[in-house]
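Comments concern the structure below.
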2 protein chains.
Amino acid sequence: MSQHRHPGAPGSAGAVPALPDLPEATVARLPEYLRALHNLADAGHETVSSEGLSAAAGVNSAKLRKDLSHLGSYGTRGVGYDVALLIEQIEYVLGLTQRRAVALVGVGNLGHALAGYDGFASRGFRIAALLDADPSRVGEEINGLVVRHVDELPAVAVEESIAIGVIATPAAAAQRVADQLVAVGVTSILNFAPCVLSVPEGVDVRKVDLAIELQILSFHEHRKASLTALPATGGSALTALPGGLAATDTQEAIGT
Amino acid sequence: MSQHRHPGAPGSAGAVPALPDLPEATVARLPEYLRALHNLADAGHETVSSEGLSAAAGVNSAKLRKDLSHLGSYGTRGVGYDVALLIEQIEYVLGLTQRRAVALVGVGNLGHALAGYDGFASRGFRIAALLDADPSRVGEEINGLVVRHVDELPAVAVEESIAIGVIATPAAAAQRVADQLVAVGVTSILNFAPCVLSVPEGVDVRKVDLAIELQILSFHEHRKASLTALPATGGSALTALPGGLAATDTQEAIGT
DNA sequence: CGCGATTTGTGCACGTCTTCACAAGCGCCT
DNA sequence: AGGCGCTTGTGAAGACGTGCACAAATCGCG
Ligand SMILES: NC(=O)c1ccc[n+]([C@@H]2O[C@H](COP(=O)([O-])OP(=O)(O)OC[C@H]3O[C@@H](n4cnc5c(N)ncnc54)[C@H](O)[C@@H]3O)[C@@H](O)[C@H]2O)c1
Ligand SMILES: NC(=O)c1ccc[n+]([C@@H]2O[C@H](COP(=O)([O-])OP(=O)(O)OC[C@H]3O[C@@H](n4cnc5c(N)ncnc54)[C@H](O)[C@@H]3O)[C@@H](O)[C@H]2O)c1
């Protein structure tokens with residue numbers, strides 16, 4: 001992944017392409033397709049059918065075809081999609097042709113883990129700065145990066161052309177940090193703190209909340225339990241028993 | 001119209017198995033309401049209007065009312081919702097009246113952070129076991145819990161009545177771990193590894209993928225940039241101008 | 001050169017989610 | 001008691017997302 005030509009392109013031409021207006025649901029799935037495609041490429045596949053790719057990504061094949069058709073994608077009927085080309089296309093649409101610089105604010109428990117995560121680098125991002133408010137943490141070196149004080153954010157933003165801010169501070173500080181990020185021009189924020197952030201229009205915020213995920217699972221556990229407590233139909237019972245391992249396909253995904 | 005069973009009876013008399021069949025979208029928001037409610041309760045509020053709660057949770061008030069109406073919840077017209085009662089109701093529906101035991105598999109970079117996270121405990125869960133395949137990690141104590149070998153999973157599952165499994169291993173090991181979890185009766189899995197898991201029907205899997213979140217943000221960045229850029233020729237329209245954007249006041253506006 | 005096998009791209013119908021708008025219910029004040 | 005303002009709960013409409021089913025396109029082969 002060092003070359004990137006064919007930016008977009010059906011119309012080819014040189015000018016900046018009109019970015020297709022993708023449905024949110026599609027945008028949320030493209031990264032999944034991209035990951036699956038990279039796996040396929042590594043495995044030596046040059047082309048892949050919608051059936052194959054959809055299986056690898058855990059979605060319905062018709063949905064996948066529709067998603068790809070939205071970005072004016074090129075598949076070949078009777079053959080499938082060219083893996084390398086599709087990777088290029090998706091990376092272009094997602095804006096991954098340039099490696100975006102990420103600033104991570106809050107280098108605590110979670111922040112440390114994130115700072116040391118190489119999944120960022122391999123998927124189009126560069127952690128360009130670590131920031132914290134705690135003087136005792138400032139100066140610490142993690143993974144080759146030195147933690148700087150959050151007050152240096154304005155300088156750092158310019159130095160590193162920060163495009164995305166990640167908030168990993170306690171909830172109480174999150175809004176303040178978000179304000180600071182917005183103030184230096186950041187228009188995309190990934191928030192790990194369990195709280196709602198207020199930001200001006202034009203700024204995108206995505207939230208990751210662990211406890212919420214668990215609580216959703218808890219609901220389904222609760223529901224499953226309340227169902228097994230009733231059924232009278234003699235069917236194939238099974239409750240807590242392991243039984244056989246008939247792991248088959250099928251999804252179980254829910255969008256954010 | 002029809003009489004609803006008595007609302008979440010924490011005391012659980014004898015039979016209240018019929019759990020309302022909530023829309024998935026609603027289920028995903030309930031935890032958010034719950035968090036907001038706890039904040040309100042801590043702040044001393046005894047009641048809250050749908051307007052107030054929806055603002056705190058970052059959603060539309062009509063949506064909130066419809067969500068709550070689904071779980072047969074009773075608010076009082078002209079007054080609002082009783083905060084304490086609503087908390088009870090939502091916790092009941094989400095199955096949080098019992099503290100569910102969580103097994104965390106993969107105590108590496110991320111696993112360490114999760115193990116030390118107190119947001120679990122305060123939101124209805126108990127990390128009951130830490131498991132890893134690396135012998136050199138087994139025996140390590142984190143936050144009062146000793147890391148055990150993943151092969152002990154069957155024993156641990158019984159000892160601790162594990163209800164939910166969290167996978168924080170590399171992607172290559174995730175499917176295997178999922179199979180092991182399923183084999184010991186776990187029917188809810190939270191997966192941090194960037195891969196698709198195959199599980200039998202009846203098992204719920206939720207995935208958290210950091211890179212995907214960033215890539216979605218990247219798309220919107222790309223889109224925003226392509227909109228603001230017009231005449232300038234080619235090249236990436238890097239926007240590193242902090243002073244450019246409005247200073248912004250930071251109130252209102254929510255990212256969806 | 002044409003044919004059959006294959007696979008894409010999409011029209012359409014259906015289900016889910018969101019949002020508006022408003023009647024009905026509730027408490028309070030006079 | 002009656003009226004008034006406030007807030008819930010919900011009908012209806014529309015936006016959005018999903019998946020089937022099939023025509024159109026393409027390849028390989030005889
Ligand atoms: N640890 C986890 O596994 C985990 C999981 C999910 C969510 N979270 C959430 O992520 C956030 C961080 O969790 P954590 O466990 O790392 O907490 P932590 O207390 O270990 O780390 C927080 C860090 O933020 C820094 N900080 C505080 N105020 C700041 C400010 N104004 N500017 C910059 N830095 C500031 C602190 O100095 C500290 O280093 C919390 O909101 C938590 O709820 C954590
Ligand atoms: N570190 C992060 O911030 C971060 C962020 C997002 C996603 N992730 C994902 O989370 C997962 C873990 O990341 P990490 O940085 O902690 O990796 P890590 O290598 O630090 O830790 C992985 C741990 O899993 C253990 N393990 C390996 N195979 C196992 C098995 N079969 N059974 C039990 N344990 C096993 C290893 O011994 C190791 O302790 C990865 O899939 C990663 O992509 C990590």
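As a whole-Å value, the separation of A:Gln89 CD from C:dG9 C1' is 15 Å. We find that CG of B:Leu22 is positioned 14 Å from C1' of C:dT16, with the value rounded to whole Å. Counting to the nearest Å, the P atom of C:dG25 and the OH atom of B:Tyr74 are 13 Å from each other. Summarising the geometry, the separation between OH on A:Tyr33 and C1' on C:dT8 is reported as 15 Å, rounded to the nearest angstrom. Look at NZ on A:Lys66: it is 8 Å from P on C:dG11, rounded to the nearest Å. Summarising the geometry, the separation between CG on A:Asp67 and C1' on C:dT10 is reported as 13 Å, rounded to the nearest angstrom. Here the P atom of nucleotide C:dC17 and the CD atom of B:Glu24 are 8 Å apart, to the nearest Å. Nucleotide C:dG9 holds its C1' atom 12 Å from the CG atom of A:Leu64, rounded to whole Å.
Under 4.0 Å is where a charged nitrogen must lie from a carboxylate oxygen, and between A:Arg223 and B:Asp204 no such pair does.
When the side-chain nitrogen and oxygen atoms of B:Arg65 are compared with OP1 and OP2 of C:dC20, none of them lie within a distance under 4.0 Å.
Taking for each of A:Thr76 and A:Asn60 the nucleotide of DNA chain D with the nearest heavy atom, the 5'-most of the two is the partner of A:Asn60. In this structure, A:Ala25 and B:Gly78 both approach DNA chain D, and ranking their closest nucleotides by distance from the 5' end singles out B:Gly78.
Heavy atoms of other residues, nucleotides or ligands lying less than 6.0 angstrom from CD of A:Glu46 number 12 at most.
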Result block: side-chain N/O donor-acceptor pairs under 3.5 angstrom for residues 76-83 of chain B, not counting sequence neighbours:
unit_1	atom_1	unit_2	atom_2	d
B:Asp82	OD1	B:Ala84	N	3.1
B:Asp82	OD1	B:Leu85	N	2.8

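For A:Tyr81, taking side-chain heavy atoms from C-beta onward, the closest of the listed nucleotides C:dG27, C:dT18, C:dT8 is C:dT8. Of the candidates C:dT18, C:dG9, C:dT8, C:dT18 carries the atom nearest the B:Arg29 side chain, counting heavy atoms from C-beta on.
Residue contacts shown for B:Ala62 include a base, since a base heavy atom lies under 4.0 Å away.
You can see that DNA chain D meets the heavy atoms of chain B within a 4.0 Å-exclusive cut from D:dC6 to D:dA12, reading 5' to 3'.
No hydrogens or angles were tested; on distance alone, a donor-acceptor pair under 3.5 Å links the side chain of A:Arg77 to the base of C:dT8.
B:Leu96 is not listed as a side-chain neighbour of A:Phe219, based on a closest heavy-atom distance of 4.5 Å or more.
Between the side chain of B:Gln215 and the main chain of A:Arg123, a donor-acceptor pair closer than 3.5 Å is present. Checking side-chain atoms of B:Arg35 against main-chain N and O of B:Ala57 turns up no donor-acceptor pair under 3.5 Å.
Residue A:Arg206 holds its CZ atom at 11.0 Å from CD1 of A:Ile164, rounded to the nearest 0.5 Å.
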